[in-house]
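Right, one structure below, let's go through it.
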Amino acid sequence: MEKFFHLKENNTTASTEILAGLTTFFAMAYIIVVNPQILSKTGMPWGGVFLATIIAAIIGTLVMGLFANVPYAQAAGMGLNAFFTYTVCFGLGFTWQQTLCMVFLCGLINIVITVTKIRKMIIMAIPEVLQQAIGGGIGLFVAYVGMLNVGLIKFTPGDAKEAAKGGAVAATPGLAEFNDKMLWVFLIGLVLAIVFTVMKVKGGLLLAIAITTVAGIPFGVTNFGSSVSISETFSQLPQTFGAIFSADGFPALFSDPTKLPLVIVTIFAFSMSDTFDTLGTFIGTGRRTGIFSAADEEALENGHGFSSKMDKALFADSIATSIGAICGTSNTTTYVESSAGIAAGGRTGLTSVVVAICFALSAFLAPVISAVPSAATAGVLVIVGCLMAASLKEIDWANIDDAIPAFFAAVFMAFSYSISYGIAGGFIMYCIVKTCKGKAKEVHPLLWIVSALFILDFVCMALL
C-alpha cells in the first residue's frame, strides 16, 4: 500500500486516508438519493438510476484513485442533472434515452480534448490571479452549497407558477427563520465542525457528521424509516444500462435531421459545464494543498503523455461521463465535496479507493447511508468552504486590474451555483480589463477562445 500510493512521500498515513475517504463519501452521499429523485422525473426508473449513479461513481472514483493517485471522488454532477431533466428533457422535448446519448457524446469530446492536451493547455493559460480566485471561489461555493442544502438561505420566487415547473426564476433571497428542526440539527453540526477543526481533532469532520446524524434522531431529522430500500432496484437496472444503444437511443436521436443543430448545441452546453467544473475543482483544491505540486505542474507543462498526476486525473475524469451514460445517469464529474476529505488530510488515491468502497457498500446498506441527513453534512461543507476561501488572500485587491476578474470569478461561483459560470465570469472580465488597459496582447490566445465559447454558450442557453 505504501509503495503503490506513496503515502510517506505525500506526508500522510493509511488511517488518515481512510478517515478522509469516509469524510468525502458522507459529504457527497446525498447524490445517491438526490440524483434518482431528479432524473426519475423524466420517466427513468428510480431504482435503475440509483444503481447507475453508484456504479458510475465507483468506476470513475477507482480510476481516479488507482490511475491518477489523487484524492478526488466522482459522481453524477448536481446542476448537470437538473439541466438534463428540466432543460433538455422538459424544455427541448428530448427523451431521457436521447439525452443520455448526448451525455455519452459529451464524454467522448472530453476524452478527445484531454488526450489532445487541450485541457492541459487551458490550465496553463489561466493567470495566477484567476487560479487563486477560482480556489477561493470554490470555497464560497462549497459553503453556499452547505447552506442551501438545509434551507438556511430561503428564496421567495417572483413568479410562483413558473417556479413550480422547476425552472430558474427571479427570486428574493433571505435568511430562514430558525423554527425548523433541520436548522437546529444543522447548527449542532456546524458548532461541532468548528470546535473539532479549531481543536485539531483527528477525523473531526467525520466525527461531526456521525454525532450530528445521531443527534438528528430525536428531532425526527434522521429517519431510518423513510430511507431507501434496495429490494426493487436491481430489477430496474437493465432498463437504463445500455439504453443509449437501444432503438430509443442513438437511432432515435439522429432520426430527425432538422434537430441536429439543437443536438450539437446541447452537447456543447453539457461539455462546457462538465469541463470547467472539473478544471475549477482541480485548480482550486490541488495547488493550495500540494496535491498538484510545483514539480507536477512543471511535468504537466513540459512532459509528454501521462507524465503528471494532473494529466492522469484529467483523463480519469474524462472517461467517467461516458461510463455513466452507458450505466444510465447524467454527467459524471469530479466532486467539489472532495475538498472535505482533502481538508481531513486526504492526499493520495487511497482516499478515492475508500470512497469507491463506500459507494459499493451503499448499494447494500442504502437504508443506513441514505438516512444520514443533509443537516449532518452541511456544517462540514460550510467549514471546508471557510478553509478554502483562504486563497483569496493571495490576490492584490488594491490592484483593480486583478480585483475585478478575481471578484467576478469568486462571487459568481456561489451566486450562480456553478463553478463553470464563475470561471466564465472571471475569464470574460479578465479579457475586458486587459483590453481597456491596452494590454490585450498579454491575454493568452486560449483565454480569448474559451471566453468566446462561454459567451456563445450563454447565447445558446438563452435561445434554448
Side-chain angles (χ1 to χ4, degrees), residues 28-63 73-111 166 227-255 263 266-267 270-271 274 317-333 335 356 359-366 369-370:
M28 62 185 291
Y30 66 87
I31 194 62
I32 298 174
V33 179
V34 175
N35 198 50
Q37 288 175 347
I38 294 176
L39 296 187
S40 62
K41 294 180 181 180
T42 67
M44 299 180 73
W46 193 99
V49 178
F50 172 79
L51 286 179
T53 301
I54 291 175
I55 293 170
I58 292 171
I59 296 174
T61 303
L62 275 180
V63 174
Q74 299 194 71
M78 288 297 293
L80 286 166
N81 52 12
F83 178 72
F84 182 109
T85 299
Y86 299 114
T87 300
V88 183
C89 289
F90 292 172
L92 302 181
F94 288 102
T95 65
W96 62 264
Q97 294 93 336
Q98 293 171 332
T99 308
L100 281 177
C101 290
M102 287 187 272
V103 171
F104 177 79
L105 293 175
C106 165
L108 294 184
I109 292 173
N110 287 348
I111 293 174
S227 57
V228 182
S229 171
I230 195 65
S231 58
E232 298 181 9
T233 55
F234 280 95
S235 63
Q236 296 178 357
L237 181 61
Q239 297 177 45
T240 60
F241 193 91
I244 61 175
F245 303 116
S246 67
D248 295 325
F250 281 112
L253 179 64
F254 295 109
S255 62
V263 170
T266 304
I267 294 173
F270 269 128
S271 296
D274 196 346
D317 176 84
S318 68
I319 65 174
T321 289
S322 290
I323 292 173
I326 293 174
C327 294
T329 186
S330 53
N331 298 61
T332 301
T333 187
Y335 254 57
F359 269 113
L361 292 175
S362 69
F364 305 96
L365 300 176
I369 301 299
S370 62

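In what follows, every heavy atom counts, from backbone to side chain, and hydrogens, waters and symmetry copies are set aside. All residue numbers refer to positions in the sequence shown, counting from 1.
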Between the CZ atom in Phe364 and the CD1 atom in Ile54, the distance rounded to the nearest 0.5 Å is 8.5 Å
Contacts of Thr332 that satisfy side-chain hydrogen bond (donor to acceptor under 3.5 Å, both in side chains) - sequence neighbours left out: none
Rounded to the nearest 0.5 Å, what's the gap from OG on Ser318 to CD1 on Ile111? Could you check? 5.0 Å
Okay, side chain of Thr240, backbone of Leu237: is any donor-acceptor separation there less than 3.5 Å? yes
Set of residues satisfying side-chain hydrogen bond (donor to acceptor under 3.5 Å, both in side chains) with respect to Asp274, sequence neighbours excluded: Asn110, Thr321, Asn331, Thr333
Between Ala243 and Gln97 the two heavy atoms that sit nearest each other are CB-CG, 4.3 Å
Test of understanding: with ring pair (Phe, Tyr, Trp, His ring centres under 6.0 Å), list the residues that count as partners of Tyr335, not counting sequence neighbours. none
Result for side-chain contact (heavy atoms from CB on, under 4.5 Å) between Phe50 and one of Pro45, Ser40, Ser362, Pro36 points to Pro36
Please report the C-alpha distance between Phe359 and Ile32 in whole Å, then the side-chain angles of each, then the deciding distance to 0.1 Å, and finally whether the side-chain contact (heavy atoms from CB on, under 4.5 Å) criterion is met. CA-CA 9 Å; Phe359 269 113; Ile32 298 174; 3.8 Å; yes
Heavy-atom pair of closest approach, residues Gly324 and Ala56: CA-CB, 3.7 Å
Non-hydrogen atoms of Ile31 and Ala75 that approach each other most closely: CG2-CB, 4.1 Å
Should Phe90 and Lys41 count as side-chain neighbours, where that means a heavy-atom distance under 4.5 Å? yes
Is the closest side-chain heavy-atom distance between Ser271 and Ile267 below 4.5 Å? yes
Applying side chain to side chain contact (heavy atoms under 4.5 Å, CB included), name anything that partners Ile326, two or more places apart in sequence or on another chain. Phe104, Phe241, Ile244, Phe245
Return the CZ to CG distance between Phe234 and Leu51, rounded to the nearest 0.5 Å. 5.0 Å
Under the ring pair (Phe, Tyr, Trp, His ring centres under 6.0 Å) test, which residues partner Phe94, sequence neighbours left out? none
How close do Leu39 and Ser330 get, heavy atom to heavy atom, and via which atoms? CD1-N, 3.7 Å
List in chain and number order the residues that pass side chain to side chain contact (heavy atoms under 4.5 Å, CB included) with Thr42, two or more places apart in sequence or in another chain; answer none if no residue qualifies. Met44, Phe84, Thr85, Cys89, Trp96
If you take all heavy atoms of Ala76 and Asn35, which pair is closest and at what distance? CB-ND2, 3.5 Å
Test side-chain contact (heavy atoms from CB on, under 4.5 Å) applied to Val263 and Met102, step by step: CA-CA 7 Å; Val263 170; Met102 287 187 272; 4.0 Å; yes
Check against side-chain contact (heavy atoms from CB on, under 4.5 Å), Leu108 and Ser322: CA-CA 7 Å; Leu108 294 184; Ser322 290; 3.9 Å; yes
Nearest heavy-atom approach of Gln98 to Ala252 is NE2-O, 3.2 Å
